[in-house]
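Take a look at the structure below.
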Amino acid sequence: IAVQDQYANPVQSATAFVIVEFDQGDRTFVLPLTDQDGISGLVLPVDDQPIGSRVDLEYWIAYGDMLTITRDSFLIWW
């Protein structure tokens with residue numbers, strides 16, 4: 001993920017986790033704190049997901065007393 005403030009400046013040290021909605025149920029992952037460029041990420045374990053299935057992501061990001069939520073999704077192609 002990329003975390004930016006209202007002026008599109010990177011936010012360093014933001015806390016984030018993602019709720020991943022797999023066909024078999026939801027799993028929650030904690031991401032590393034964002035770096036100096038506002039970036040954090042992880043490798044999701046999708047090897048056992050059926051081809052063509054949709055994976056929904058719900059990100060929760062906190063910084064100081066602020067909290068925001070955003071969503072994304074992707075399809076398993078292989």
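For the pair Pro10 and Gly38, the tightest heavy-atom approach, listed with the atom from each and the gap, is CB-N, 3.6 Å. Pro32 and Gly41 get closest at one heavy-atom pair: CD-O, 3.5 Å.
Residues Leu42 and Val30 are members of separate hydrophobic clusters, defined by side-chain heavy-atom contacts under 4.5 angstrom among Ile, Leu, Val, Met, Phe, Trp and Tyr. Residues Ile19 and Leu67 share a hydrophobic cluster, clusters being chains of Ile/Leu/Val/Met/Phe/Trp/Tyr side chains in contact below 4.5 Å. In the hydrophobic clustering of this structure, Met66 groups with Val18; members are Ile, Leu, Val, Met, Phe, Trp, Tyr whose side-chain heavy atoms approach within less than 4.5 Å, directly or through other members. In the hydrophobic clustering of ILVMFWY residues, with side-chain heavy atoms under 4.5 Å counting as a link, Leu33 and Val3 come out apart.
Residues satisfying the ring pair (Phe, Tyr, Trp, His ring centres under 6.0 Å) criterion with Phe17, sequence neighbours excluded, are Trp60. Taking Gln4 as the reference, nothing meets the side-chain hydrogen bond (donor to acceptor under 3.5 Å, both in side chains) condition, with sequence neighbours excluded.
Sparse packing is recorded around OH of Tyr63, with 12 or fewer heavy atoms of other residues, nucleotides or ligands lying under 6.0 Å away.
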Go through the steps to decide whether Phe29 and Leu44 satisfy the test side-chain contact (heavy atoms from CB on, under 4.5 Å), and finish with yes or no. CA-CA 9 Å; Phe29 298 90; Leu44 292 175; 4.0 Å; yes
Where do Ile1 and Ile61 land on the side-chain contact (heavy atoms from CB on, under 4.5 Å) test, with the steps shown first? CA-CA 10 Å; Ile1 62 168; Ile61 300 102; 3.8 Å; yes
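Within the structure, side chain to side chain donor-acceptor pair (under 3.5 Å) pairs that include any residue of residues 32-56 comprise Gln24-Gln49, Arg54-Asp56 (at least two apart or interchain).
Atom CG in Leu31 sits 11.5 Å away from atom CD1 in Ile39 (nearest 0.5 Å). The line from CG of Asp72 to CG of Leu57 is 5.5 Å long, rounded to the nearest 0.5 Å.
Within the 4.5 Å cutoff, no side-chain heavy atoms of Glu21 are placed close to those of Ser73. Val55 is listed as a side-chain neighbour of Phe22, based on a closest heavy-atom distance under 4.5 Å.
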